[in-house]
Amino acid sequence: MNTSLLYRLLDADPADGPAELLRRARACHHLPHLVLSALVRDGVRMGEPARAELRRARDRAAHYARLAAGLARATGVRAIRGLPLAGYYPDGLLRPLGTLDLVAPDEAALWQAVIRLVTDHPVEQIDVALLGDRPRHTTVTVHWPAEDPLVDPWYRVHLTTAALPGDGSAVPVRPYLVADEHVECLIALAESRLHRPALPPGPVTLLDIAGLTRRPFEPTETAAVLAAYRLAPEAATLLDAAADHLPLGPLAAVRTALAPELAPERRRRTQAAAPHLPTRRGVLLRRTAIRHSWDEARLLTLTPGTLLLTPVADYLLVPTLGTPGTLGTPGTRAAPATRTAALKALQHWDSRC
């Protein structure tokens, strides 16, 4: 994993120099931070604005790491995807960390972590979505401004009770992710392909694979775990795409071991009769004083629709169109009259409590 690989992945000519490489990287969110760190490692000259941008990005990554460690100790949530993958990058090379992804063992732990984030940070936006019904899973994403909110991406912490949300039908929710950390990272990368099957893996995903090639994988065992998580086809497709750009190392044997798992998984998906798993997005009605005694959110079915009352804010639920387990795109928006009726219903609920 080096600057030469970055030139290839970004389709940049090394003869055009590092400025062109950085310009191309700016088309991808957070990728400039990775390029800047690679250029610093190579001793490329740069001015204070570029160094300051990289310094803020490193501070952001360090803050995410401290947050994850503190929340793990206090609530039991743990980091998945981006932060663990960053640990497999070579020293000095900064993996892009737009979002801190955390999985909670249950809803109570999720809300405890959200309360800590809202208490300790200037959170300006709290997005909520529910996946499924019985059982249901909860997704919360909190946002607050970066040091320079006009130049740098805002902080974004994504918490969920479903480690792997599936595709809403043939591949089910798998709430728990239990494997060696580097195998979990490969599982998470394969899951991301489940959500974007028509798009080729982006540069960061391919660099993540490059980082994992530095780890020891037991081929048969790893293939069996991927198959158990219902991700053999996605893992195979991902490794095939990565092989076009970089040597797979121990992952080449994993790809070979995956071959017998592909047809059975595709057959299972063809035969799956599970209905589409609904996702509902919360349209914010109001922030509230923190309800420290609440372990779970509450659903109220009232005249304007279904209301979701959480320990930090209240929402009107609307169906979404999008990837299961994400906040999605609203299928319908709350009309002003519906919103007004929902707020009145909340005031009536307040008066009774």
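Because its NZ or CZ atom is not both nearer than 6.0 Å to the ring centre of W154 and within 45° of the ring axis, R156 does not count as a cation-pi partner of that residue.
Here the side chain of R230 pairs a donor or acceptor atom with the backbone of A170 at under 3.5 angstrom. Proximity of a side-chain donor or acceptor of E107 to a complementary backbone N or O of D295 within less than 3.5 Å is not detected. Between the side chain of H195 and the backbone N or O of G166 there is at least one donor-acceptor pair closer than 3.5 Å. In terms of modelled atom types and a separation under 3.5 Å, the side chain of T160 and the main chain of A162 share a donor-acceptor contact. In this structure a side-chain-to-backbone donor-acceptor pair under 3.5 Å is present from T310 to A313. Looking at T75, its side chain does come within 3.5 Å of a backbone N or O of L71 through a donor-acceptor pair. A distance-only check finds a donor-acceptor pair linking the side chain of D106 to the backbone of A109 [under 3.5 Å]. Although no hydrogens or angles enter the test, the distance criterion places a donor-acceptor pair under 3.5 Å between the side chain of S192 and the main chain of L189.
Residues forming a salt bridge (Lys or Arg N to Asp or Glu O under 4.0 Å) with R215 (at least two apart in sequence, or on another chain): none.
With no hydrogens or angles considered, a side-chain donor-acceptor pair links T161 and H137 at under 3.5 Å. No side-chain donor-acceptor contact under 3.5 Å links H121 and H143.
Of all non-hydrogen atoms in P219 and A257, the two that sit nearest each other are O-CB, 3.6 Å. Minimum heavy-atom separation, Y229 to L177: OH-CA, 3.5 Å. Of all the heavy atoms in A163 and I80, the pair that sits closest is O-CD1, 4.1 Å. The shortest non-hydrogen separation linking A242 to I209 is CB-CG2, 3.7 Å. Here the closest non-hydrogen pair linking Q112 and A74 is OE1-O, 4.4 Å. Counting all heavy atoms, side chain and backbone alike, P165 lies closest to V173 at O-CG2, 3.4 Å.
With rounding to the nearest 0.5 angstrom, the CG atom of L251 is 9.5 Å from the CG atom of L258. A distance of 10.5 Å separates CG of L316 from CG of L284, quoted to the nearest 0.5 Å. The CD atom of E147 lies 6.0 Å from the CZ atom of R56; values are rounded to the nearest 0.5 Å. Expressed to the nearest 0.5 Å, how far CG of D42 lies from OG of S37 amounts to 9.5 Å. Distance check: L231 CG to E261 CD gives 12.0 Å after rounding to the nearest 0.5 Å. With rounding to the nearest 0.5 Å, the separation of CG in L206 from CG in L5 is 8.0 Å.
The side chain to side chain contact (heavy atoms under 4.5 Å, CB included) test with V157 singles out one residue from D101, L117, T141, and that residue is L117. When each of R174, R78, R81 is tested with E184 by the rule salt bridge (charged side-chain N to carboxylate O under 4.0 Å, His left out), just one qualifies, namely R78. A side chain to side chain contact (heavy atoms under 4.5 Å, CB included) with L39 is found for exactly one of V44, L6, L34, namely V44.
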- Query: Does the pair Y315 and I126 meet the rule for a side-chain contact (heavy atoms from CB on, under 4.5 Å), with working shown?
  - Reply: CA-CA 10 Å; Y315 302 84; I126 308 171; 3.4 Å; yes
- Task: Give the intermediate values and the outcome of salt bridge (charged side-chain N to carboxylate O under 4.0 Å, His left out) for residues D208 and R95.
- Result: CA-CA 8 Å; D208 288 341; R95 183 195 186 274; 2.8 Å; yes
- Item | V123 vs Y155, side-chain contact (heavy atoms from CB on, under 4.5 Å): CA-CA, chis, key distance, verdict | CA-CA 9 Å; V123 171; Y155 286 93; over 6 Å; no
- Task: Show your reasoning for whether side-chain contact (heavy atoms from CB on, under 4.5 Å) applies to L212 and C185.
- Result: CA-CA 8 Å; L212 291 178; C185 287; 4.1 Å; yes
- Task: Run the numbers on R55 and E48 for salt bridge (charged side-chain N to carboxylate O under 4.0 Å, His left out), then give the verdict.
- Result: CA-CA 10 Å; R55 184 166 53 248; E48 181 53 30; 2.8 Å; yes
- Message: Working note: E53 + R26, criterion salt bridge (charged side-chain N to carboxylate O under 4.0 Å, His left out); need CA distance, chi angles, decisive distance, verdict.
- Response: CA-CA 13 Å; E53 182 179 358; R26 292 204 182 279; 2.9 Å; yes
- Task: Kindly determine whether L36 and L22 satisfy side-chain contact (heavy atoms from CB on, under 4.5 Å), including the steps that lead there.
- Result: CA-CA 7 Å; L36 285 169; L22 183 59; 4.0 Å; yes
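Side-chain contact between E191 and E234: absent, with no pair of heavy atoms (C-beta onward) separated by less than 4.5 Å. Using a 4.5 Å heavy-atom threshold, the side chains of P90 and R214 count as touching. Taking the side chain as every heavy atom from C-beta outward, H33 and P96 never approach each other to under 4.5 Å. Within the 4.5 Å cutoff, no side-chain heavy atoms of I115 are placed close to those of R291. Contact check for T139 versus L159: no side-chain heavy atoms found under the 4.5 Å cut-off. You'll find the side chain of L307 stays beyond 4.5 Å of the side chain of L317, heavy atoms only. T279 places none of its side-chain heavy atoms less than 4.5 Å from the side chain of L130. Taking the side chain as every heavy atom from C-beta outward, V140 and W111 approach each other to under 4.5 Å.
Looking at E20 and R23, a side-chain N of the basic residue comes within less than 4.0 Å of a carboxylate O on the acidic one, giving a salt bridge. The existence of a salt bridge linking R60 and D152 is excluded, since no basic side-chain nitrogen approaches an acidic carboxylate oxygen closer than 4.0 Å. Looking at D127 and R281, no side-chain N of the basic residue comes within less than 4.0 Å of a carboxylate O on the acidic one, giving no salt bridge.
Transitive grouping of hydrophobic side chains (ILVMFWY, heavy atoms separated by less than 4.5 Å) brings L186 and Y89 into a common cluster. Hydrophobic clustering places L94 together with L10 (ILVMFWY residues linked when any side-chain heavy atoms are closer than 4.5 Å, directly or through intermediates). L31 and V151 are assigned to two separate hydrophobic clusters, defined by single-linkage of ILVMFWY side chains at heavy-atom distances under 4.5 Å. Note on L262: it does not cluster hydrophobically with L226, by side-chain heavy-atom contacts below 4.5 Å among ILVMFWY residues.
Ring orientation note: the planes of H182 and Y88 are nearly perpendicular, at an angle over 60° on the 30°/60° scale.
Atom CD of E124 sits in a crowded spot, with more than 12 heavy atoms from other residues, nucleotides or ligands closer than 6.0 Å.
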